[in-house]
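Comments concern the structure below.
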Amino acid sequence: MPPESKPNDQNTAPERYNAPAREPYWQAKWDEAQIFKAGNNSSDPKCYVLEMFPYPSGRIHMGHVRNYAMGDVFARYKRAKGFNVLHPMGWDAFGMPAENAAIERNSHPGTWTYANIATMKTQLKSMGLSLDWSREIATCGPDYYRHQQKLFLDLLNKGLAYRKSSKVNWDPVDHTVLANEQVIDGRGWRSGALVESRELTQWFFKISQYSDELLDALGTLDKWPEKVRLMQANWIGRSEGMLLTWALDKKTAPNGHATLDIYTTRPDTLFGASFLAVAADHPLAKAAAEKNPKLATFCDECRRMGTSVADLESAEKQGFDTGIRAVHPLDKDWLLPVYVANFVLMDYGTGAIFACPSGDQRDLDFARKYKLPVVPVVLPAGADAAAFSIKDKAADGNGTMINSRFLDGMTTTDAFEAVAKKLEADTLGGRPVGVRKVNFRLRDWGISRQRYWGCPIPIIHCETCGAVPVPAKDLPVKLPDDATFDKPGNPLDRHPTWKNCACPSCGKPARRETDTMDTFVDSSWYYARFTDPQSETPIDPKAASYWLPVDQYIGGIEHAILHLLYSRFFFRAITDSGHGTGLNMREPFSALFTQGMVTHETYKSAAGKWLLPSEVSFKGEGDTRTALETATGKPAAIGSIEKMSKSKKNLVDPDDIIAHWGADCARWFMLSDSPPERDVIWTEAGVQGAGRFVQRVWRLIDDAASKSAAPGSTMPADFGDDALALRRAAHKALDGVARNIEGLRFNVAVAQIYELTNEFSAALPKSSQGLDWAIREAAGFLVKMIAPMMPHLAEECWSRLGYNTLAANQAWPQADPALLVDDRVTIAVQVNGKRRDELTIARDAKNGDIEAAALRLEGVVRAMEGRPAKKVIIVPQRIINIVA
RNA sequence: GCGGACGUGGUGGAACCGGUAGACACACAAGACUUAAAAUCUUGAGGGGGCAACCCCGUGCGGGUUCGAGUCCCGCCGUCCGCACCA
C-alpha cells in the first residue's frame with residue numbers, strides 16, 4: 001500500500017472520493033429502505049441467485065470476496081432488469097474445526113462458531129452485498145436441524161436411509177472415524193496414529209437408488225459446466241456387462257460354495273480366460289482360508305494394505321492359489337484356478353473377477369508373474385493376424401475375435417451379444433448362467449460421524465425394539481450444552497446422561513444414537529430452506545415452488561462432486577419422501593458457475609520462514625524487482641504464485657483492503673481482467689489500478705454533473721456528430737455490458753465499461769446543446785452500468801448527478817436498437833486473404849457498389865498488380881476478399 | 001493408465017456463427033503540469049525491414065480443409081485439472 005495515500009483521512013482534496021468513509025453511509029441507506037428483502041408474493045418474474053454459503057471458520061478471505069462479488073453483480077443486475085430477486089446468506093456452521101477449537105480452548109464449539117459468524121457477518125456487510133439478511137440461517141441452530149431430523153425420519157420411512165455394517169478408517173487415539181482424505185500414509189492426520197480398518201454399523205443414504213437418474217439428468221443441465229457434468233458422470237461410473245455364475249469343481253470347493261458369481265464388462269473375451277480371482281474379504285476366500293493357514297496369512301496382508309494412491313502404485317500384483325477350480329461356462333471340461341488377489345475390490349461388482357490376461361493389463365501382469373496362460377482373443381483393427389502376439393502390453397480395445405471357437409471372426413461387439421444370448425439361455429441349478437447387468441461405481445452415502453458438532457441422528461436404540469425413530473413430536477433431538485471437550489472421542493457418547501432415554505415403542509430404558517450426520521447433509525437442502533426459513537415444515541411447498549430451482553448458483557469447483565451430487569440426490573430423496581408436495585422439478589440448481597481461486601505470490605525470509613505480503617517491501621520493477629523483509633531489512637525470496645493459504649501466509653486480509661481502498665475497489669479488481677472461471681492473481685498493482693478507476697469515474701461524473709444538461713431535460717431534436725458518437729458508444733456499451741453480465745463474463749463487461757469511460761472522458765471538454773444532453777444520458781448509463789459492480793460509488797455518483805433516489809433502485813435502461821448499428825461501416829478488404837485496405841461504406845450498400853468501391857482502393861490496386869479479379873467474396877458488414 | 005481442458009505481445013486477457021488478431025487493463029517509454037514528487041492529462045508500442053508510403057513474418061509445432069483459420073480436421077509437443085487396481 002502506498003504510504004502517501006491516506007484515503008482513511010478526511011479528504012484533503014475535495015474532488016477525491018473517500019470510499020471507506022462513504023461506503024457505510026450507503027449501506028445504511030440500503031438497510032433503511034430494506035430494498036434487498038425478497039417477497040414471496042410477487043407477480044414479477046423471479047430470480048434466485050445463490051453463492052455457496054460459507055463455513056464460519058473465523059474471517060472471510062479473498063476467495064469469499066470474489067465469490068460474493070460475482071453473485072452480487074448478477075443479483076443486482078437482475079434486480080435492475082425487473083426481477084424479484086432472492087439473494088440470501090447463511091452459515092454452513094456444523095463441522096470438525098469448531099470441535100477442534102473447543103478441544104484446544106476447552107470451550108464449546110458453539111461459542112467459537114457464533115463468534116465467527118458475528119465477525120464474518122460484519123465483514124460481508126462491509127462488502128455492500130445486496131443480501132436479504134432476514135432469511136439468514138445457521139445450520140447449527142436447532143431451528144434448522146430439527147427440520148433436518150424430520151427429513152431423515154421421512155427418508156428412513158421411505159427406505160432411503162438405512163443402517164448397515166461397513167468398513168471404516170478408525171483412529172484409535174482420537175476414537176473417531178476418519179474420511180479417506182484424512183488418512184495420510186496410513187496414519188490419522190491429527191493423531192499420527194496408525195489407522196485401523198474397523199467394521200462399524202453406520203447410517204447410509206441410498207444414493208445408489210438414484211444412480212441412473214442422476215446420470216441421465218446430467219444431460220438436462222445445459223447451464224452447468226461441461227467439466228462438472230463429466231466429473232459427476234465419471235463418479236457415478238456406469239458400466240454395462242454381465243453377471244456370470246461359474247460352477248465350482250465339487251472336489252476342490254469348500255462346503256456350501258457350489259458356485260461363484262463374477263461381474264464382467266467383457267463376456268466376449270471369455271475364451272481368453274486363464275484364472276478367476278476373488279477379493280481377500282470374499283466369502284469364498286474366507287472359507288478357503290479356514291483350511292489353509294498360509295492363505296489366511298495372505299488374506300490378512302491384503303487387508304492391511306492401504307488404499308492410498310502411493311500404496312496402490314507401489315503395490316505389486318499378488319495372488320494366492322486357493323486350490324479351488326471353477327468350470328468355464330462355455331466349456332464344462334475346462335477348469336480354471338481360483339486365486340485370491342490383492343487387486344480385486346470387495347465392494348465393486350461381486351468382489352470376484354474372471355481374468356483375460358491378453359485383454360487386461362492387470363490380468364496380464366498377474367499371469368506373467370504366476371505363469372498362467374495368455375491367449376490372445378482380440379485382434380486389434382489393423383493388426384497383422386499372422387504376426388500378432390501379446391508381449392507386455394494387453395490388447396484391451398475392440399477388434400476381431402480370434403482363438404475363440406464359435407466367436408472367431410466376429411467383432412467384439414457381436415461377440416458380446418453372441419455370448420450374452422447363449423449364457424442367458426443356459427442354466428445352472430435352474431437359473432440362467434449369465435444375466436446382463438448395469439453396474440455403478442457410485443456407493444451409498446455413509447453419513448454417520450462420531451462427533452459432537454453435527455446434527456444428531458434422531459434414533460433410539462432399544463434392546464427389544466432395535467433402532468426406533470424418535471417420534472416427530474419429540475424433535476428436535478438437541479445437542480446437550482454441557483458436553484465436555486477435554487479429550488478426544490465423541491462427547492455425546494461419553495456424556496453421563498444425554499444418551500439415556502426411554503424407548504418410544506416399548507417404554508423400556510434405551511440409548512440414543514450418539515453419531516451425528518455428515519455436515520454435507522446440512523448443505524444438501526439449505527437452498528430450499530432459504531425460500532421460507534420460518535416455515536414450520538422443512539420446506540414450504542408454495543415458497544419452494546415459487547423460488548426453486550436456483551437460477552444461478554456460484555461456488556468453487558472443489559464441490560463438483562461432493563456437495564453438488566449430494567444436493568442433487570437429497571433434493572430428489574426429500575421430494576420423493578413427501579416434502580415440497582407439488583414441486584414439479586428434480587434438479588435444485590438450473591445454472592451453475594464455478595469460479596477460480598484467488599492466488600498470490602509467496603515470500604520467504606532469509607531464515608526460511610513464510611512471510612505475509614504485508615511483512616515485505618519491494619525495490620525495483622519487473623524483472624529487477626526484489627523483496628526485503630521489512631522488520632529486519634534482510635532480503636526475502638519471492639516465490640511462486642499459489643492459492644492464498646494460511647500455511648504459505650500469502651494472504652491479503654479483505655478488511656485491510658476495504659478499510660484502505662473501499663469495498664468497491666476490491667470488487668472491481670476481482671471482476672477485472674481475469675475470466676471468472678480462472679484463477680486470479682491478487683497484486684498490489686492491480687488494486688491500485690482499480691483504485692485509480694474509482695477516482696476517475698468520480699472525477700468524470702463530478703465534471704459531467706456540472707456541465708451536462710439538467711436532469712429530465714427534453715431530448716434535443718438534433719445531435720451533432722460528437723453527440724451522436726457518444727450516444728452510440730453509450731448504447732452499445734449498455735447492450736454489451738448487459739449481455740456479458742448475463743453470461744458471467746465480468747472481465748469483458750469491465751473492459752466495455754472502460755471503453756465507454758474513455759469515450760466519455762474525451763467528449764467531456766466539448767460542449768453543445770446535443771452533446772450536453774448526450775453527456776447527461778451517458779453519465780446516467782455509466783452509473784447504472786457500474787452499479788452492480790461498484791454499488792457504493794454508483795450511489796455517490798447518482799446523487800452527484802442530482803437525483804435523490806437510490807441508484808440501486810434504478811431500472812437497467814433500454815438500449816435504443818437504432819443506435820446499436822452505424823449507418824456507415826468500415827470493413828477490411830483482402831486480396832488473396834491478406835488485408836490490403838479498408839472500405840468505409842453505407843451499411844446497406846449493394847454488393848455491386850461495394851465491389852466497385854473496393855476495386856478502386858489504393859491498397860487493392862497496388863496488391864492486384866494489374867491482374868483481373870477472378871472472384872470477389874463479399875460478406876456484408878464483415879469482409880471483402882478479392883481473389884486475383 | 002483413463003477422462004477432460006488449455007496453449008494469443010513484457011503481463012492479465014479480448015476476438016459473436018470461420019471474416020481487420022492483440023479490444024480493455026497492467027507494466028513500460030516519451031512529453032505536459034510541478035521547485036520536485038505523487039496524482040492527473042497527452043502520445044507511443046506484436047516482431048523484423050524502411051526516412052517514408054509501405055512490405056515481410058506472426059495466435060505452441062507440423063500438415064490439411066477453405067476465397068479466408070487463433071477459431072474447423074489430422075498428427076505431435078507442452079501445461080493444468082479430475083478419476084484411478086472399477087473387472
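Quick caveat: nothing in here was measured; it's all calculated off a predicted structure. Throughout, a chain's letter reflects where its sequence line sits, starting with A, and its residues are numbered from 1. We use all heavy atoms of the structure for the numbers below, so side chains are in, but hydrogens, waters and symmetry mates are not.
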Task: Footprint string (nucleotides 46-53 of chain B, 5' to 3'): B base within contact, S backbone only, - free, heavy atoms under 4.0 Å - done: --------
TODO: Could you run through nucleotides 18-26 of chain B and give me one letter per nucleotide, 5' to 3': B if any protein heavy atom sits under 4.0 Å from the base, S if only the sugar-phosphate is that close, - if neither?
DONE: -BB--BSSS
Suppose you measure atom [atom1] in [N] against the same atom in [M]; what distance do you get, rounded to whole Å?
| N | M | atom1 | result |
| --- | --- | --- | --- |
| rG3(B) | rG75(B) | P | 13 Å |
| rA5(B) | rG9(B) | C1' | 24 Å |
| rA25(B) | rC41(B) | P | 11 Å |
| rG70(B) | rG18(B) | P | 13 Å |

Open item on the list: Can you tell me whether the base of rG9(B) sits syn or anti, using the 90° cut around 0 to define syn?
Closed with: syn
- [ ] Could you tell me the separation between the CG atom of D703(A) and the P atom of rU40(B), rounded to a whole number of Å?
- [x] 15 Å
Task: Between rC85(B) (C1') and R441(A) (CZ): distance, integer Å - done: 12 Å
Phosphate OP1/OP2 of [N] contacted by [X] side-chain N/O (<4.0 Å):
| X | N | result |
| --- | --- | --- |
| K834(A) | rC57(B) | yes |
| R836(A) | rC56(B) | yes |
| R16(A) | rA39(B) | no |
| R745(A) | rG13(B) | no |

Heavy atoms only: give me the nearest [X]-[Y] pair and the separation to one decimal.
| X | Y | answer |
| --- | --- | --- |
| A279(A) | M346(A) | CB-N, 3.7 Å |
| V861(A) | L855(A) | CG2-O, 3.4 Å |
| P676(A) | M70(A) | CB-CE, 3.5 Å |

Task: Closest-nucleotide ordering on RNA chain B, the 5'-leading residue of R739(A) and R362(A) - done: R739(A)
Measure from the side-chain heavy atoms of [X] and tell me the nearest of [options].
| X | options | answer |
| --- | --- | --- |
| N342(A) | rC85(B), rC41(B), rC67(B) | rC85(B) |
| R678(A) | rC81(B), rA87(B), rA14(B) | rA14(B) |
| I353(A) | rG82(B), rA87(B), rG3(B) | rA87(B) |

Can you tell me the Watson-Crick or wobble partner of [N], both distances under 3.5 angstrom?
| N | value |
| --- | --- |
| rC24(B) | rG12(B) |
| rU40(B) | rA32(B) |
| rC6(B) | rG78(B) |
| rC85(B) | none |

Should the pair [X]-[Y] be classified as a salt bridge under the 4.0 Å nitrogen-to-oxygen rule?
| X | Y | value |
| --- | --- | --- |
| R266(A) | D268(A) | yes |
| K317(A) | D363(A) | no |
| E742(A) | R739(A) | no |

Task: Test side-chain hydrogen bond (donor to acceptor under 3.5 Å, both in side chains) applied to N650(A) and E642(A), step by step - done: CA-CA 8 Å; N650(A) 55 340; E642(A) 314 253 4; over 6 Å; no
- [ ] Please work out whether the ring planes of Y339(A) and Y370(A) are parallel, tilted or perpendicular, with thresholds of 30° and 60°.
- [x] tilted
- [ ] Please evaluate the base of rC85(B) for a donor-acceptor partner in the side chain of K317(A) within a cut-off of under 3.5 Å?
- [x] yes
Task: Between Y263(A) and S239(A): side-chain donor-acceptor atoms closer than 3.5 Å - done: yes
